[in-house]
Amino acid sequence: MTLAAVTLSSPLSLATKLKRRPHPKITCSSVTTQSQSAKQDLLNLISDQGRGLKTRRDPAKRDAIIKAIDAMAILGHETVTTGDSLSATWRLLWTTEKEQLFIIEKAHLFGTRAGDVLQVIDVEKKTLNNVITFPPDGVFFVRSSIEVASSQRVNFKFTSAVLRGKSWEIPLPPFGQGW
């Protein structure tokens, strides 16, 4: 059985992780039902938003998405989201993060398109890597260090960045930190 998990961060980003489970977990609590319903509502809202590109021009849709995120946050307010289960490769589904949206939108200026946008998180090693792929051969790669600040918050600080093509590489100065 495949279980999809959802994670949120600030600026608002939504990502999923696919994880294999050997046996299905069955629960009947109303909170679980409410959480699954809220998650599905959110996924429906973002499904046609081009990772957030379309949302920038639609304030009503953005507000609806943020309300759906807030509803999930209320339902999960006691959930630990910074444990070992955070360590994984996460695929970006939606974000308000301006720099990521700029790169996704303007990739055509470099003769390519943005492919997968990923975060690779390793809580034990205290690393977070942001990866934007540009098929077939390009990548924008940003390394970060992380520190768990609470049961639901991880702080990060960028440590290096590079833009790579098939036969070239441009190191970039890392800038930024947050949670």
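- A cation-pi contact, defined as under 6.0 Å to the ring centre and within 45° of the axis, links R153 to W179.
- Under the 4.5 Å side-chain criterion, counting only non-hydrogen atoms from C-beta, V120 is not in contact with D122.
- Side chains of K126 and S145 form no contact here, defined as non-hydrogen atoms less than 4.5 Å apart.
- Within the 4.5 Å cutoff, no side-chain heavy atoms of V131 are placed close to those of D116.
- One side chain, Q119 or N130, offers a donor N or O that lies under 3.5 Å from an acceptor on the other.
- T95 approaches L101 most closely through the heavy-atom pair O-CD1, 3.6 Å.
- Of all heavy-atom pairs spanning F158 and S144, the tightest one is CD2-OG, 3.0 Å.
- Counted within 6.0 Å of CD on E169, heavy atoms from surrounding residues, nucleotides or ligands total more than 12; the atom is thus considered enclosed.
- At a threshold of 4.5 Å between non-hydrogen side-chain atoms, the residues V117 and R91 do not count as touching.
- Counting heavy atoms from C-beta outward, I104 and L53 have side chains that approach closer than 4.5 Å.
- For the residue pair R113 and P135, the shortest heavy atom distance occurs at O-CD, 3.4 Å.
- Going from atom CG of L163 over to atom CZ of F141 covers 13.0 Å, rounded to the nearest 0.5 Å.
- No chain of hydrophobic side-chain contacts below 4.5 Å, direct or via other Ile, Leu, Val, Met, Phe, Trp or Tyr residues, connects I132 to L109.
- Residues A114 and F134 share a closest heavy-atom pair of CA-CD2, 3.9 Å.
- Nearest heavy-atom pair across A161 and P174 is N-CB, 4.4 Å.
- Remark: side-chain polar atoms of T159 are paired, donor with acceptor, to backbone N or O of R143 under 3.5 angstrom.
- A side chain to side chain contact (heavy atoms under 4.5 Å, CB included) with R56 is found for one member of E105, K98, R62 and no other, namely E105.
- Residues I65 and I46 have side chains in contact (heavy-atom distance under 4.5 Å, counting atoms from C-beta outward).
- If you check the side chains of Q152 and T81, you find no donor sitting under 3.5 Å from an acceptor.
- More than 12 heavy atoms of other residues, nucleotides or ligands lie within 6.0 Å of NE2 in H108, so this atom counts as buried by the packing criterion.
- A heavy-atom distance below 4.5 Å is not found between the side chains of N155 and I146.
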Practice task
Would you sort out whether D48 and K54 count as a salt bridge (charged side-chain N to carboxylate O under 4.0 Å, His left out), showing the intermediate values?
Solution key: CA-CA 8 Å; D48 64 349; K54 293 180 182 178; 6.0 Å; no

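- Residues T82 and V123 approach most closely at O-CG1, 3.9 Å, considering heavy atoms.
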